[in-house]
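In what follows, every heavy atom counts, from backbone to side chain, and hydrogens, waters and symmetry copies are set aside.
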Amino acid sequence: MPRITFPHVGESYRSFKMLMEDLGNEVILPPRPSKRTLDLGVRYAPEFACFPVKILLGTYLETCPQGVELIITSGGVGPCRAGHYAQLHKKILRSLGYQVDIVVFEPPRLYPLEFLHNIQRLNPRRMSYRAIYECIRRAWRKLQALDNVEKLTHKIRPRETVRGATTRAYRRVLEWIDRAYSLAEIEEAEQSAIEELKKVPQDPYRDVLRVGIVGEVYVLLEPASNLEIEETLGNLGVEVERSLFLTGWTRDNTWAETTEGLTVKEAALPYLPELLGGHGRDSIGNTVLYAKRGFDGVIQLAPFTCIPEIVARTILPRVSEDHNIPVLTFFLDEQTGKAGMATRLEAFVDLMRRKKAARRTA
């Protein structure tokens, strides 16, 4: 039974663990990124490598000593360094004495045969494709449940009447979904989790701001990399809507991109007609869409030295002016502090409240 691990990306590890064990692998769970994780990554990664490179390397250095043989990760499309992460990590790990291999999943709609080959590498039980499909179906449903429950916390937290009640309930219900296995159990656990979260005491009349969050996929999805910005905003009375969830990102890269209404690409077209790589164009397009939906502001999260997001950052002031929506950017690295971020967020929230009040009195 091969020992495998994968990056820690929010709560998605609960779904991946179930899938990999169903296929016959021994999973070494990646730890939630901590200061030790980042210290390890910073020590061995190139100095100017972007933030996700350092966090992921640190995660692997925490799991590889436990006998990991395979690391599972995703690739990248377009002119972005994410497509080279796996090769860089493999070279560094082997130079440190860890003889691991890395399985890189590229978008199946672009590389279907490579996708099937990788699935077979992770299928030591030699299950049929039909059986594999059923395993993937269960894991996908669990991933949907995890995303749906997280989305609900973003609506409830800014309206809670007892500080921290939403977060405590969320941690509790995550275990219910984690323990669910069959499709029926997962659906039941999701429904129970939703009902439990709705029991959190709320003030339905509270004046809540709405903020969209855009940026690079890893720092959007992993709370440890963005210093739990969504929870901080919720405690400031802000309802967050993140432009990327793992289910949406997987769907867009697996079979087809979402095409309902004005697409992200179409929204970005007047400002950036070319593929930028990473999620730079998405950051611009989603900012336009949030403005059209009447959001009070947008926050861009980007790893320090991330070229696509740097380019997007130079365009966003014009988007902000054209669509009359405030935009705040955070470039994240190992030097970013939670206290400093909280101070900037408080000022941004105050700005949005004053802007909203001025619109009402105009």
>> Checking the side chain of Glu185 only, and the main-chain atoms of Ser182 only, is there a donor and an acceptor separated by less than 3.5 Å?
In response: yes

>> Clusters formed by hydrophobic residues whose side-chain heavy atoms approach within less than 4.5 Å: which one holds Leu152, and what are its other members?
In response: Leu146, Val149, Ile156, Tyr170, Val173, Leu174, Trp176, Ile177, Ile194, Leu197, Val200

> Met1, Val27: one ILVMFWY side-chain cluster at the under-4.5 Å cut-off?
Replying inline: no

> Think Arg242 forms a cation-pi with Phe245, using NZ or CZ under 6.0 Å from the six-ring centre and within 45 degrees of its axis?
Replying inline: yes

>> Taking the basic N atoms (NZ, or NE/NH1/NH2) and the acidic carboxylate oxygens, is any pair closer than 4.0 Å for Arg130 and Glu134?
In response: no

>> Give me each pair satisfying salt bridge (charged side-chain N to carboxylate O under 4.0 Å, His left out) with a member in residues 113-127, each pair once, sequence neighbours excluded.
In response: Asp101-Arg121

>> I'd like to know if the side chain of Asn235 reaches the main chain of Arg163, judged simply by a donor and an acceptor atom lying under 3.5 Å from each other, with no hydrogens or angles considered.
In response: no

>> Enumerate the ring-ring contact (aromatic ring centres under 6.0 Å, His included) contacts for residues 292-334, please, sequence neighbours excluded, ordered by first and then second residue.
In response: Tyr290-Phe295

> Picking from Arg210, Arg206, Arg159, what satisfies salt bridge (Lys or Arg N to Asp or Glu O under 4.0 Å) with Glu239?
Replying inline: Arg159

> Which residues satisfy the side-chain hydrogen bond (donor to acceptor under 3.5 Å, both in side chains) test with Lys292, sequence neighbours excluded?
Replying inline: none

> Do Val103 and Leu116 share a hydrophobic cluster, counting only Ile, Leu, Val, Met, Phe, Trp and Tyr and linking them when any side-chain heavy atoms are less than 4.5 Å apart?
Replying inline: yes

>> Listing request: all salt bridge (charged side-chain N to carboxylate O under 4.0 Å, His left out) pairs with a residue in residues 276-290, at least two apart in sequence or in separate chains.
In response: none

>> Could you check whether atom CD of Glu47 has more than 12 heavy atoms from other residues, nucleotides or ligands sitting under 6.0 Å from it?
In response: no

> So does Lys155 have more than 12 non-hydrogen atoms from other groups sitting under 6.0 Å from NZ?
Replying inline: no

> Who passes side-chain hydrogen bond (donor to acceptor under 3.5 Å, both in side chains) against Arg354, sequence neighbours left out?
Replying inline: Asp350

> In the hydrophobic clustering that connects Ile, Leu, Val, Met, Phe, Trp and Tyr at side-chain heavy-atom distances below 4.5 Å, which members other than Val208 occupy its cluster, ordered by chain and number?
Replying inline: none

>> Could you work out, with salt bridge (charged side-chain N to carboxylate O under 4.0 Å, His left out) as the rule, every residue matching Glu241, not counting sequence neighbours?
In response: Arg293

>> For Thr161 and Asp203: C-alpha separation, side-chain torsions, deciding distance, then whether side chain to side chain donor-acceptor pair (under 3.5 Å) applies.
In response: CA-CA 6 Å; Thr161 57; Asp203 177 1; over 6 Å; no

>> Going by side-chain hydrogen bond (donor to acceptor under 3.5 Å, both in side chains), name the residues that satisfy it together with His117, two or more places apart in sequence or in a different chain.
In response: none

> Is Ile119 reachable from Met18 through a run of I, L, V, M, F, W or Y residues, each pair having side-chain heavy atoms under 4.5 Å apart?
Replying inline: no

> Does NZ belonging to Lys198 count more than 12 external heavy atoms closer than 6.0 Å?
Replying inline: no

> Under the 3.5 angstrom rule, does the side chain of Gln300 hit a backbone N or O of Glu309 as a donor-acceptor pair?
Replying inline: yes

> By side-chain hydrogen bond (donor to acceptor under 3.5 Å, both in side chains), which residues pair with Ser15, not counting sequence neighbours?
Replying inline: none

>> Whether the side chain of Asn286 engages the backbone of Val214 through a donor-acceptor N/O pair (distance < 3.5 Å, no angle test) should be reported.
In response: no

> Under the 3.5 angstrom rule, does the side chain of Glu187 hit a backbone N or O of Gln191 as a donor-acceptor pair?
Replying inline: no

> Does Glu106 reach the main-chain N or O of Tyr111 with its side chain, forming a donor-acceptor pair under 3.5 Å?
Replying inline: no

> What's the shortest heavy-atom distance between Val100 and Val68, and which atoms?
Replying inline: CG1-O, 3.1 Å

>> Is it the case that over 12 heavy atoms from other parts of the model lie below 6.0 angstrom from the CD atom of Gln99?
In response: yes

>> Determine whether a donor-acceptor pair (N or O, by modelled atom type, separation under 3.5 Å) exists between the side chain of Glu216 and the backbone of Ala302.
In response: no

> Any sub-3.5 Å donor-acceptor pair from Ser95's side-chain atoms to Ile92's backbone N or O?
Replying inline: yes

> Is atom CD of Gln144 surrounded by more than 12 heavy atoms (other residues, nucleotides or ligands) closer than 6.0 Å?
Replying inline: yes

> Distance-only, no hydrogens or angles: does the Ser320 side chain make a donor-acceptor pair with backbone N or O of Ile325 under 3.5 Å?
Replying inline: yes

> Is Thr5 reaching over with its side chain to a backbone N or O of Ile28, donor-acceptor style, under 3.5 angstrom?
Replying inline: yes

> Which ILVMFWY residues are connected to Phe48, directly or by a chain of links, through side-chain heavy atoms under 4.5 Å apart?
Replying inline: none

>> Run the salt bridge (charged side-chain N to carboxylate O under 4.0 Å, His left out) test against Glu231 and tell me which residues pass, sequence neighbours left out.
In response: none

